[in-house]
Engineer: 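Take this structure first; my questions come after.
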Amino acid sequence: MELSLRRILALAIKEFLSLLRNPASRAVLIGPPIIQLLVFGYAATYDLKHVPFVVYNQDSGRLSRDFIARFAGSPSFEMIGDVQDQRALQRAVDSQTALMAVSIGPQFTSDLEQGRTSHVQFIVDGRDSNTAALALGYAQTIVTAFNREHLAPHSRAPAATVVLDRAWFNPNLESRWFIVPGIAGILTLLVTLLSTGLSVAREREMGTFDQLLVTPMNPQEILAGKALPGFVVGTLEATLIIAVAILWFRVPFTGSFWALYLGLFCFLLSSIGIGLMISALALTQQQGLLGTFLFMVPAIVLSGFATPIANMPKVVRYITLIDPLRYFLVILRASFLEGAGASLLWHQYWPLATIGILSMIVAERLFRGRLG
Amino acid sequence: MDAIVVTNLTKSFGTGPTRRTALKNISLRLAAGSITALIGPDGAGKTTMLRTLAGILTPGTGEVTVLGHALPKEALALQHRIGYMPQHFGLYEDLSVQENMTLFADLHGIARSERESRFAQLLTMTALGPFRKRLAGKLSGGMKQKLGLACTLIHPPELLLLDEASVGVDPISRRELWSIIHRQVVENGITILLSTAYMDEAERCDGVIVLHEGEILAQGPPARISSPLQGRAFLFELPEDLPTRPRAVQSRLSGLPGVIDTVIQANGLRIVTEKPGPPALPVDLCGLGTLRPAPPRLEDAFVSLLFRRGMRRRIATPGEAEAGEDSVVIEVRDLYRRFGDFTAVKNVSFSVRKGEIFGLLGANGAGKSTTFRMLCGLLPSSSGTLRVAGLDLRKAPAAARARIGYVSQKFSLYGALSVKQNMEFFASAYGLQNRRKKTRLAWALEEFELSGYLGANAADLPLGYKQRLALACALMHEPDIIFLDEPTSGVDPLARREFWTRLNALARNGTTCLVTTHFMEEAEYCDRLVLMSLGEVLAQGSPGEIKAAVRRPGEPPPNMEDAFIAIIEEHERTSRRAS
Amino acid sequence: MTWMRLTGLIRKEVYEIVRDPSSIAIAFVLPLALLLIFGYGVSLDARGVPIAVVVDHPTTLTASFIGQLQQSRWFVPIHYAGEAQAQKAVTDGSAAAAVWLRNDFTRRALSGSPAPIHVIVNGVDANQARIIENYLNGAWSVWIEQQAQASGIHTRAPVVAEARVWFNPAMRSRDYLVPGLIAIIMTLIGALLTALVVAREWERGTMEGIMVTPSGKMEILLGKLIPYFVLGMGGMLFSTLMAVFLFRVPLRGSIPLLLACSSLFLLTALGMGLLISILARNQFVAGMVAIVATFLPAFILSGFLFDIHSMPKVVQLLTHVIAARYFVGLLQTLFLAGNIWSIIVSNCLGLAILCVLFLGLAVIRFRKRLD
């Protein structure tokens, strides 16, 4: 079977024009991804900043004020006030005006001065247990630092201590470095799915699909022509987003672009394949839309974008194996932060390529099947 | 009392450079209890007018008073008293006939006690009684229109506005629709304003308004509008054993000076001249038939009015000699197509010769589109033989499809692409390159007079231009056979004439044309045709042969529509007897 | 407005819903599938994290520390012979962190001089890295305590922090994630249901037929809103049941209050969908906008995963127009904390403002006219 490059190109150009000449789809392709990258890039962070807390300080001594000052001065916490009794403390936490409350007993300063251990209560709001756990960790760090300075002369520090030598690839543990490349992956997926997932259904509804079928184009050429704009749009979109990530968000790029773009190619292959599969299945745009949606939402949630795949139960982890985004996120993060080259990413490339080729084959079958 | 009073109405859409004035300074009055037809080419402003009168478009400037309600202020009050049926009446396809009617009864606040009798009355009138429980989506086109009409008549209205209610409906359903509409005027004194593409429908109305580019060209009773044509309409009667095809004669006649319109009719050619007096026929044509004056029709007046406005029908470039070959290029034998238990096409056989214009006639759901799609290779057949240019297109190599052209229903084009981009795409899709592509593009622009719209989006073109563009795209690669699926649906008489002129020229150059249509008069333009109903071929042959088959001695010669109805009724009788 | 017209429109919508199963699928199958996938798929609780361990000079002391790591449910220690291998394990992802006890660890610890436990984590997932670090610290402090008791040495820290985690003492992330997920899923469903159905009426031309009837625009809008509201509440109820009985999330607030808040939220989400479809008038655009404007913003800006306080001020302001933000707060409180009025009132107020805004705009922008 011979494929005519000229015909494929003509179809691809047509697809491009209909994407770009329609103000609605043009807007969807260009505006939201950039806005979303900027907003989400800032919004999606696990680094706690300004955790609001209240203090219930029953001690009037110098040391308790010193202790509180350390919290108030930390960028992670933001003191929003003192409370005078336990009821007020409870109200503050209940109403989420404070995420954490620090309760200091009346003997704090005197205990410390006399070399006794004083107890401080940290009450955190467990409605968001991730934030709670992180806030507690931060608090513990501050307490440890405080302890080191106020070590009673005759007591002895525990000999063995945990020393975090290094957090590799991300020394300051900035979660934005982790999240922003993830957003790049998500937005690339979104754009390619929207530009391919509905393309056949739209033509079917407009009646131009029949027109296309009676031309000498064969199904393979039509598929190729429909896939090509996805590649171009996806590559441009991804490049733009990666540029913003590097230049605007200052996420370090330590790997090789060659390895990243090889990964991008494999990823586009699979996401376009899936988009075309949806396209071939959907008889109406509504079905295409629902299909795109039904694929995209789990693909994002199960990709390891926000929560680690390792935490998922086994069954769900198996499901993630067919999620192209999962592999691409690894490629993105490894390229950005870990400085990985193509040789290290082989285990991400081949599943992507496999998903891509399989979905293209299925799309082609479905496509021919739908023709009768 | 006047039901509708419009003074100096102007209505525009859009802003800036895309601003388009749909109605220009319109003034009119319609008497209560009358039935008036709104006719005009596409884009004349008919739908805008009806929508404005229904209160769903705000009048731009000017005053509009309908049933005493000033619009747009009293639109809601007006809507209690009118019925409006949009062009593609939106029935809820997932609701049954009964449920659709109940919905509209609820919306119009019909008391439950009155409902049953009203429903019964409407169902009897529309003959939909047996289908009460059927989902609207499963009704035939004609039944859908009748249900739509029933839903608009539910309250009952004092004024009925109908936008092309009979488009896409077969002759039988069309007659039924008309009898319902007439009864509303006669029995209930309802005022009716309707737009239509059928001149015979307009001719039956009390008054006619001819709209063109948002202006009223003429207004009055049909007879008064056609009276200036007195002495300008002629019939050139041709014998049945004419040695050449009538359309060859037609193209000769249409080229004569002073002739503004020629149409093939039941037993000859209808000629309309620019000035009173018969056309000067060339000597060789005189001997072919007899020329006699004919009473003018509304259609003649319509064409002549638009002719004066500069909408000239283009004269086809005379082609080469008529193709003498007689080879069969399309052959269909014992064709069946089933969808589940439903047989859409039953035992269909016919053949088409090279250079013929072959018609596939029938109502919606007759199976002509299904047959058509099978011929183009878009749908597999369940059984039977299909040969197009000696090949089955479904199994043929892709290159074989380069020999056919296809114009689908609704002129499917890429709406977001410009005229030029559409043409370039189809040229490349058919593998045209370099010089040939360039010359064909130039040819299409010239032939279809599209240069003025080169950069416009296909979606924004007037319907007539969409049709031209669709045809241009399908002919870009000079196919041997062209398939046209309802190419004239919803198109005004002028654009239809233009279309047929083009088709004649194509056929003369040896291109085989396969056309489906539900305009019975267009059947006359075909060389040969098949009549389909419920998936079966009821009759086939030349128009003359088909009409001759139903002609009864002592009765006037039937036209194609009469023949169609007679054949279907006969078929129904025999099949009932059989079952 | 008449009752007959309204019921007529509602009845029509119900028939359409019943006969076109896609809306029922959106309302019930979608939450089921999404909640199952999300409920099991989204978890921040690390368990059995593989951790590379290098012990240069094994002694009973080092063995007891590694034993402590082994005992905690967080870690699975894997022994490596040298630092290089451990580092390689961290690089290629086979271990999330490496712990290295040097040659002199035991000697130093026994002699009382500082004995560092070196830790390297893979920082790519900063959040996970921090959690692992916290876990390690936790395991370490337990071990220190045990060591001190065993040896009778009294190590005394000047200040001991006591942590109290209210509402979720076990810090099960599922308990707070599932209510958040319900909020996100309902945002999707609410917007999608109405976004597509009104646009569909425009496309099929049924809207034109309805518009020329005497029904007012409030009747037409309510006729759309009420059936999908009922359908959406069905989906909501279904999701709540799944949360309580399948995911075992405690429901401490009152059920009527939960229903009331959900109704308010659903109205807001439906209002947004309605507005989208009134503005778009075609299914393709309406669907695209619904996807772009609902799922990702709700996922990222609602505070369900990412703490709103930690966002820049501008973004924080932006979260106020995300309906899911209020609903996440409401659901987390109602499920885990109970009827805390200050939160319920403030969040409901936010929702009510958005609800009035969306529905109000929908009413204003919806005209019984084509131009």
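Atoms considered below: every heavy atom in the structure, side chains included; atoms not considered: hydrogens, waters and symmetry mates. Labels below follow one simple rule: chain letters A, B, ... track the order of the sequence lines, proteins then strands, and each chain is numbered from 1.
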Engineer: Measure the shortest side-chain to side-chain distance between A:Leu190 and A:Met296 over non-hydrogen atoms and say whether it is less than 4.5 angstrom.
Structural biologist: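 Answer yes - side chains close enough.
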Engineer: Considering only NZ, NE, NH1 and NH2 on the basic side and carboxylate oxygens on the acidic side, decide whether B:Glu424 and B:Arg440 come within less than 4.0 Å.
Structural biologist: no
Engineer: Identify the residues of residues 470-483 of chain B whose heavy atoms come closer than 4.5 Å to a heavy atom of chain A, ordered by number, or report 'none'.
Structural biologist: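 Residues qualifying by a heavy atom under 4.5 Å from chain A are absent, so none.
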Engineer: Show me, pair by pair, the donor-acceptor contacts under 3.5 angstrom made by side chains of residues 330-343 of chain B, not counting sequence neighbours?
Structural biologist:
{"unit_1": "B:Arg337", "atom_1": "NH1", "unit_2": "B:Pro380", "atom_2": "O", "d": "2.5"}

Engineer: Does the pair B:Arg502/B:Glu447 count as a salt bridge with the N-to-O cut at 4.0 Å?
Structural biologist: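 Salt bridge: yes.
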Engineer: Could you tell me which portion of A:Ile13 (side chain, backbone, both or neither) has an atom closer than 4.5 angstrom to a non-hydrogen atom of chain B?
Structural biologist: neither
Engineer: Going by the salt bridge (Lys or Arg N to Asp or Glu O under 4.0 Å) test, which pairs reach into residues 207-220 of chain A, not counting sequence neighbours?
Structural biologist: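 Pairs touching residues 207-220 of chain A that pass the test: A:Asp210-B:Arg373.
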Engineer: Sequence neighbours excluded and cut-off under 3.5 Å, please list the side-chain donor-acceptor pairs for residues 231-241 of chain A, or say none.
Structural biologist:
{"unit_1": "A:Thr235", "atom_1": "OG1", "unit_2": "A:Phe231", "atom_2": "O", "d": "2.5"}
{"unit_1": "A:Thr239", "atom_1": "OG1", "unit_2": "A:Thr235", "atom_2": "O", "d": "2.6"}
{"unit_1": "A:Thr239", "atom_1": "OG1", "unit_2": "A:Tyr261", "atom_2": "OH", "d": "2.8"}

Engineer: Heavy atoms only, distances under 4.5 angstrom: which of A:Leu212, A:Leu9, A:Leu20, A:Val214 has the most pairs with chain B? Name it, please.
Structural biologist: A:Val214
Engineer: What residue among B:Thr370, B:Leu514, B:Ile404 forms side-chain contact (heavy atoms from CB on, under 4.5 Å) with B:Leu375?
Structural biologist: B:Leu514
